[in-house]
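Below is one structure, written out as structure tokens; comments come after it.
Chain naming here is simple, since letters A, B, ... match the order of the sequence lines and numbering starts at 1 in each.
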Protein chains: 2
Amino acid sequence: MTEPSPRLTRAQQRRQTEGKILAAARQMFAELGFERTTIRAVAKAAGVDGGLVMHYFGTKDELFARAAEPSTGELTGAAPGEMAEALLTSLATRLDGEPVASLALLRSMLTNPDAATRYRAAAEPQLGQIAAGIPADDARLRAGLLSAIVHGVIIERYLLRFGSLTDASPEEIIELLRPCFQLLAAEQTRAEQHESAVNPP
Amino acid sequence: MTEPSPRLTRAQQRRQTEGKILAAARQMFAELGFERTTIRAVAKAAGVDGGLVMHYFGTKDELFARAAEPSTGELTGAAPGEMAEALLTSLATRLDGEPVASLALLRSMLTNPDAATRYRAAAEPQLGQIAAGIPADDARLRAGLLSAIVHGVIIERYLLRFGSLTDASPEEIIELLRPCFQLLAAEQTRAEQHESAVNPP
DNA sequence: ACGCTCATTCTACGGCCGTTGACCGAGCCT
DNA sequence: AGGCTCGGTCAACGGCCGTAGAATGAGCGT
């Protein structure tokens, strides 16, 4: 009664087990952050022994690096006038069904220096792309603010679970944010912005 | 050659030592977060023994609670039209010379459940105050967004140290944010907002 | 002046963690 | 078929951490 051909070849088995470990690690990193997730706990959640995790990934940092690989967001080449809308759709995508991987990185970046470096490395080029799409002399600052708003919203919605943001639908949030994004991504002097905001037509 | 009266009475000494411990704890909680700061390290930074910290504060969580006591922000009773400006001056105050205590709570709230609870408890009434100053039916959501923006900016400036936000002066940031805050805190239907943003005069 | 109080230190315990290396057994190549 | 490979387990080590408790010595009330 021996199987003539095993259900899974060894390489398949390896990839599947690695996948289970990575999935469990992502989940725990996202929920607990780097310091509070244990290799033993990840292993148990994945149904394997702790030593195997070390055998595959060598070190906890390496496991985190593999589990929190940034999902490359696509903002390439938005026309100057469309940067605000591109950012909004990107945010809308992340607002329903935020991928766990992104949360793992976000949750850990404030306490784990390596996660912070990794996050900066992932965010820096995106920041440049955003800035490139903003026709203003302080484009980089505006891009930084837009990035701060996006991350602030995601953090309060998914990590802190503030009621007012958790209950709202993505559309509501996007609608309220749209004019802000358009102001920040638009070509306007500060005086003009202030003028049109203080004395709305 | 004995001192007839000691430079510090025992009660004074106690308060001073406690202060040094709390200051060191604040600093380390702000820089490293809850899990990475050790009682021993805090004690060494304060120039005392680790056991003393326990003797005074009983537990690490209690030490954190005392070190991260929220500095009560004042937003009480702003007129509906002035809520945006009140939030901006509050943000401006925090933007130059952010007190370390606030950073300790911010850094730890994403990984320490107790810190998260404490933060929510501190933020909830403020959120209510903000919402009360916004004459719109979705006031709470708007308040949540405003709060998210404030915290996003502070996190990226002080905790993540993004260049574009770290280098900017508080005034620059405030000026860019002012129209956003006025839009979010203003009485406008979503349609009107969208209209005036899509077709600027 | 005597004894109590209390700030402060020292030592140690138990536990959990990351990491290691020996070990087992089932695929895989020749 | 036999030996090598490699996925997977097990037990253990060393370290650091939070915490407890005994010991010391200097103010302070009476």
Side-chain angles (χ1 to χ4, degrees), chain A residues 1-25 28-29 32-68 108 111-115, chain B residues 1-25 28-29 32-68 108 111-115:
Chain A
M1 257 276 186
T2 64
E3 307 279 348
S5 71
R7 283 164 149 74
L8 267 63
T9 152
R10 202 144 50 142
Q12 285 176 327
Q13 182 71 16
R14 159 78 184 238
R15 245 178 299 130
Q16 173 175 316
T17 305
E18 235 187 65
K20 280 201 298 186
I21 295 176
L22 280 177
M28 303 205 65
F29 281 135
L32 303 173
F34 181 83
E35 351 278 336
R36 293 176 84 93
T37 86
T38 307
I39 287 192
R40 283 169 168 87
V42 168
K44 180 180 289 186
V48 298
D49 184 89
L52 189 62
V53 179
M54 298 302 297
H55 190 32
Y56 281 174
F57 301 95
T59 200
K60 186 183 178 184
D61 294 83
E62 192 61 31
L63 172 65
F64 178 79
R66 293 280 306 277
S108 303
T111 50
N112 183 260
D114 188 55
Chain B
M1 255 273 187
T2 66
E3 306 278 348
S5 73
R7 283 164 147 76
L8 266 61
T9 155
R10 206 149 42 146
Q12 286 175 326
Q13 183 70 17
R14 159 79 186 237
R15 245 177 299 129
Q16 173 175 316
T17 305
E18 235 187 67
K20 280 202 297 186
I21 294 176
L22 279 177
M28 301 203 69
F29 281 134
L32 304 174
F34 182 83
E35 352 276 338
R36 294 177 83 93
T37 87
T38 62
I39 289 192
R40 284 168 168 88
V42 168
K44 180 180 289 186
V48 299
D49 184 89
L52 190 61
V53 179
M54 296 302 296
H55 190 35
Y56 281 174
F57 300 94
T59 199
K60 186 184 178 183
D61 294 82
E62 192 61 33
L63 172 65
F64 179 78
R66 292 281 307 277
S108 303
T111 50
N112 183 259
D114 187 56

Exercise. Stem ranges for DNA chain C, with three or more consecutive Watson-Crick or G-U pairs under 3.5 Å?
Worked result: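 DNA chain C forms these stems: C:1-3 with D:28-30, C:5-26 with D:5-26, C:28-30 with D:1-3.
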Using whole Å, what does the distance between atom [atom2] of nucleotide [N] and atom [atom1] of [X] come to?
X     : N      : atom1 : atom2 : result
B/L52 : D/dG25 : CG    : P     : 17 Å
B/Q16 : C/dC6  : CD    : P     : 19 Å
B/R14 : C/dT8  : CZ    : P     : 8 Å
B/H55 : D/dA22 : NE2   : C1'   : 12 Å

Restricting to non-hydrogen atoms, name the atom on [X] and the atom on [Y] that form the minimum distance, rounded to 0.1 Å.
X     : Y     : answer
A/M54 : A/T59 : CE-CA, 4.0 Å
B/A24 : B/V42 : CB-O, 3.9 Å
A/A67 : A/F29 : CB-CD1, 4.1 Å

For this session: Indicate whether the side chain of B/E35 and that of B/T111 have a donor and an acceptor atom separated by less than 3.5 Å.
Result: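 Side chains of B/E35 and B/T111: pair found under 3.5 Å.
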Does [N] have its OP1 or OP2 closer than 4.0 Å to a side-chain nitrogen or oxygen of [X]?
X     : N     : answer
A/Y56 : D/dG8 : yes
B/Q13 : C/dT8 : yes
B/T17 : C/dA7 : no

Where do N or O atoms of nucleotides 17-20 of chain D meet protein N or O atoms at under 3.5 Å, pair by pair?
| unit_1 | atom_1 | unit_2 | atom_2 | d |
| --- | --- | --- | --- | --- |
| D/dG18 | OP1 | B/K60 | NZ | 2.9 |
| D/dG18 | OP2 | B/I39 | N | 3.1 |
| D/dG18 | N7 | B/R40 | NH1 | 2.6 |
| D/dG18 | O6 | B/R40 | NH2 | 2.9 |
| D/dT19 | OP1 | B/T59 | OG1 | 2.8 |
| D/dT19 | OP2 | B/T59 | OG1 | 3.4 |
| D/dT19 | OP2 | B/K60 | N | 2.9 |

Problem set entry | Presence of salt bridge, B/E18 and B/R14, under 4.0 angstrom |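 A salt bridge is present here (some side-chain N lies under 4.0 Å from a carboxylate O).
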Problem set entry | Interatomic spacing from OG1 in A/T38 to NZ in A/K44 - rounded to 0.5 Å |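 A/T38 atom OG1 to A/K44 atom NZ measures 10.0 Å (nearest 0.5 Å).
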Problem set entry | Distance in Å, B/Y56 OH paired with B/L63 CG, rounded so as to fall on 0.5 Å steps |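 If I round to the nearest 0.5 Å, the distance is 13.0 Å.
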For this session: Decide yes or no on side chain to side chain contact (heavy atoms under 4.5 Å, CB included) for B/F57 and B/I21, but give the supporting numbers first.
Result: CA-CA 10 Å; B/F57 300 94; B/I21 294 176; 3.6 Å; yes
